[in-house]
There are 2 protein chains.
Amino acid sequence: MDIEPELCRVEDALDILVGKWKPIILLHLLKNGTQRFSELKRHVPGITQKMLTKHLRELEEEDVVERVVYPQVPPKVEYSITEYGKSLEPILAAMHEWGTKHVLHKQQKIKQQPSS
Amino acid sequence: MDIEPELCRVEDALDILVGKWKPIILLHLLKNGTQRFSELKRHVPGITQKMLTKHLRELEEEDVVERVVYPQVPPKVEYSITEYGKSLEPILAAMHEWGTKHVLHKQQKIKQQPSS
DNA sequence: TCCTACAGTATCTTTTTGTATACTATATAA
DNA sequence: TTATATAGTATACAAAAAGATACTGTAGGA
């Protein structure tokens with residue numbers, strides 16, 4: 001690797017990705033395209049409206065997600081990944097791939113230490 | 001991309017990488033190899049002993065970092081990346097690369113909105 | 001007339017994360 | 001004798017993140 005720890009920009013990516021619900025929100029938008037607020041809420045079980053709003057606002061602030069409001073009643077708001085946001089895909093893919101192996105690693109660890 | 005959000009393992013990677021000082025600790029160990037506690041402390045400016053200890057313990061718990069204690073006085077404890085830990089490199093590299101571009105993106109954004 | 005869907009806010013509490021500071025033991029050096 | 005380096009621990013505190021719950025306005029349907 002060729003990252004000078006002093007010039008490390010890993011944090012910049014983490015700043016955007018970190019948040020209990022952000023990865024799954026991004027994955028949904030990447031996979032399913034444009035989604036309404038309520039669709040996201042349904043697809044992310046357990047999330048509260050407050051958290052969904054907060055994380056979407058933060059992702060929007062970073063130009064990773066776009067928010068389009070339709071002046072209707074009842075309201076309609078659509079969220080989608082921006083072109084810039086799509087550049088996060090390789091990171092998410094790398095993390096997912098690693099995570100998949102990590103599950104196996106943890107299972108092996110438990111087998112090796114059955115008495116705890 | 002081919003990640004089913006329902007089977008998403010991105011969080012597994014984030015769990016390990018998230019923490020104010022974890023990426024820089026990992027980068028130091030990856031780049032400089034085995035390091036003593038005090039060396040790490042010197043190379044990570046601003047970190048307190050408690051945080052360094054805590055993060056190292058968590059990384060050790062995940063088998064990403066190895067801790068070797070020499071029975072000496074004054075104490076000597078060495079930390080190094082495990083083989084398993086090295087598998088995190090592509091993720092860190094992807095994030096660093098993205099972060100480097102992100103800096104430029106932010107600069108362009110500021111240029112476009114000079115009045116705020 | 002009351003209820004529901006929609007996309008949120010507002011307020012409060014809990015949990016997690018990080019900071020600050022003082023303290024430990026002991027071999028060695030000045 | 002006193003100070004220093006080492007690798008921590010203990011305690012208190014502050015800040016950030018997340019959760020729980022109640023509330024808003026309004027068109028359309030039963």
Side-chain angles (χ1 to χ4, degrees), chain A residues 8 10-29 32-62 64-81, chain B residues 8 10-29 32-62 64-81:
Chain A
C8 166
V10 169
E11 291 292 349
D12 296 78
L14 281 177
D15 284 347
I16 285 173
L17 262 19
V18 169
K20 182 163 178 188
W21 311 95
K22 280 183 189 172
I24 196 171
I25 291 171
L26 290 172
L27 287 173
H28 265 295
L29 293 176
N32 304 322
T34 303
Q35 302 263 113
R36 293 184 66 170
F37 185 86
S38 54
E39 287 179 296
L40 282 171
K41 193 167 178 310
R42 268 191 293 275
H43 284 119
V44 182
I47 196 168
T48 61
Q49 276 179 307
K50 187 195 163 183
M51 278 297 111
L52 182 53
T53 304
K54 193 191 170 214
H55 283 175
L56 284 170
R57 289 292 191 288
E58 288 171 3
L59 293 169
E60 194 195 350
E61 181 63 25
E62 297 288 352
V64 159
V65 158
E66 193 188 11
R67 178 173 179 261
V68 177
V69 181
Y70 294 86
Q72 303 180 355
V73 172
K76 178 179 175 184
V77 179
E78 284 184 344
Y79 292 91
S80 48
I81 291 279
Chain B
C8 165
V10 169
E11 291 293 348
D12 296 79
L14 280 177
D15 283 349
I16 285 172
L17 261 20
V18 169
K20 182 164 176 186
W21 311 95
K22 280 183 188 172
I24 197 171
I25 290 170
L26 290 172
L27 287 174
H28 266 296
L29 293 177
N32 305 321
T34 301
Q35 303 260 114
R36 294 184 65 169
F37 185 86
S38 54
E39 287 178 295
L40 282 172
K41 194 167 177 311
R42 267 191 294 275
H43 284 118
V44 182
I47 197 169
T48 60
Q49 276 181 308
K50 187 193 164 183
M51 277 297 110
L52 183 53
T53 304
K54 193 192 170 213
H55 283 174
L56 284 169
R57 288 291 192 288
E58 288 171 3
L59 293 169
E60 194 194 350
E61 181 63 24
E62 298 287 353
V64 158
V65 157
E66 193 188 13
R67 177 170 177 264
V68 177
V69 181
Y70 296 84
Q72 303 179 354
V73 173
K76 178 179 173 182
V77 180
E78 284 184 344
Y79 292 91
S80 48
I81 291 279

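The sequence lines fix the lettering, A, B, ..., with proteins before strands; numbering per chain opens at 1.
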Undergrad: Under 4.0 angstrom, heavy atoms only, what part of the nucleic acid is B:Lys41 near: base, sugar-phosphate, or nothing?
TA: nothing
Undergrad: Does the side chain of A:Lys54 get closer than 4.0 angstrom to OP1 or OP2 of D:dG19 through an N or O atom?
TA: no
Undergrad: OP1 or OP2 of D:dT9 sitting under 4.0 Å from any side-chain N/O of B:Arg57?
TA: yes
Undergrad: Without decimals, in angstroms, what is the distance between A:Ile25 CD1 and D:dA18 C1'?
TA: 13 Å
Undergrad: For A:Glu78 and B:Ile47, take the nucleotide of DNA chain C holding the closest heavy atom to each; which residue's nucleotide lies nearer the 5' end?
TA: A:Glu78
Undergrad: Looking at A:His55, does any N or O in its side chain come under 4.0 Å of the phosphate oxygens OP1/OP2 on D:dA18?
TA: yes
Undergrad: Could you give the CD-to-P distance, from B:Gln35 to D:dA7, as a whole number of Å?
TA: 11 Å
Undergrad: Less than 4.0 angstrom between a side-chain N/O of B:Tyr70 and OP1 or OP2 of C:dA27, yes or no?
TA: no
Undergrad: Check this one for me: any side-chain N or O of B:Arg36 less than 4.0 Å away from OP1 or OP2 of D:dT6?
TA: no
Undergrad: Which listed nucleotide (D:dG19, D:dA7, C:dG8) is nearest to the side chain of B:Phe37?
TA: D:dA7
Undergrad: Would you call B:Arg57 and B:Glu61 a salt bridge, using N to O less than 4.0 angstrom?
TA: no
Undergrad: Taking only the side-chain heavy atoms of A:Arg67 (C-beta and beyond), determine which of C:dG8, C:dC6, D:dG8 contains the nearest atom.
TA: C:dG8
Undergrad: Starting the side chain at C-beta, find the nucleotide from D:dG8, C:dA5, C:dG8 nearest to A:Pro74.
TA: C:dA5
Undergrad: With respect to the side chain of A:Met51, which nucleotide from D:dG19, C:dT19, C:dA7 is positioned closest?
TA: D:dG19
Undergrad: Could you pick out which residue, B:Lys76 or A:Lys20, lies toward the 5' side of DNA chain D when each is mapped onto its nearest nucleotide?
TA: B:Lys76
Undergrad: At 4.0 Å (heavy atoms only), tell me whether A:Val73 reaches a base, stays on the sugar-phosphate, or touches nothing.
TA: base
Undergrad: Keeping B:His28 on the side-chain end and B:Val44 on the backbone end, is there a donor-acceptor pair under 3.5 Å?
TA: no
Undergrad: Would you mind reading off the distance between A:Leu14 atom CG and C:dT17 atom P, rounded to a whole angstrom?
TA: 14 Å
Undergrad: Whole Å only: how far is the CD atom of B:Gln49 from the C1' atom of D:dT9?
TA: 10 Å
Undergrad: Can you tell me if the side-chain N/O atoms of B:Thr53 get under 4.0 Å from OP1 or OP2 in D:dG8?
TA: no
Undergrad: First locate atom CD of B:Gln35, then atom CG of B:Leu56, and finally report the distance between them rounded to the nearest 0.5 Å.
TA: 10.5 Å
Undergrad: For the pair made of CG in A:Leu56 and C1' in C:dT9, what is the distance, rounded to whole Å?
TA: 15 Å
Undergrad: Given D:dG19, C:dA5, D:dT6, identify the nucleotide with an atom nearest to the side chain of A:Trp21.
TA: D:dG19
Undergrad: What's the spacing between B:Thr34 OG1 and B:Leu29 CG if we round to 0.5 Å?
TA: 8.0 Å
Undergrad: If only side-chain N and O atoms of A:Arg42 are considered, is one of them under 4.0 Å from the OP1 or OP2 phosphate oxygen of C:dA5?
TA: no
Undergrad: I need the A:Thr48 OG1 to A:Lys41 NZ distance, nearest 0.5 Å.
TA: 8.0 Å
Undergrad: Would you state whether a donor and an acceptor, one from the side chain of B:Gln72 and one from the base of C:dA27, lie under 3.5 Å apart?
TA: no
Undergrad: Any side-chain N or O of B:Ser38 under 4.0 Å from OP1/OP2 of D:dA7?
TA: yes
Undergrad: What are the two closest heavy atoms between A:Pro23 and B:Glu11, and how far apart are they?
TA: CG-OE2, 3.5 Å
Undergrad: Taking atom types as they are modelled, would you say the side chain of B:Lys50 forms a donor-acceptor pair with the base of D:dT9 within the 3.5 Å cutoff?
TA: no
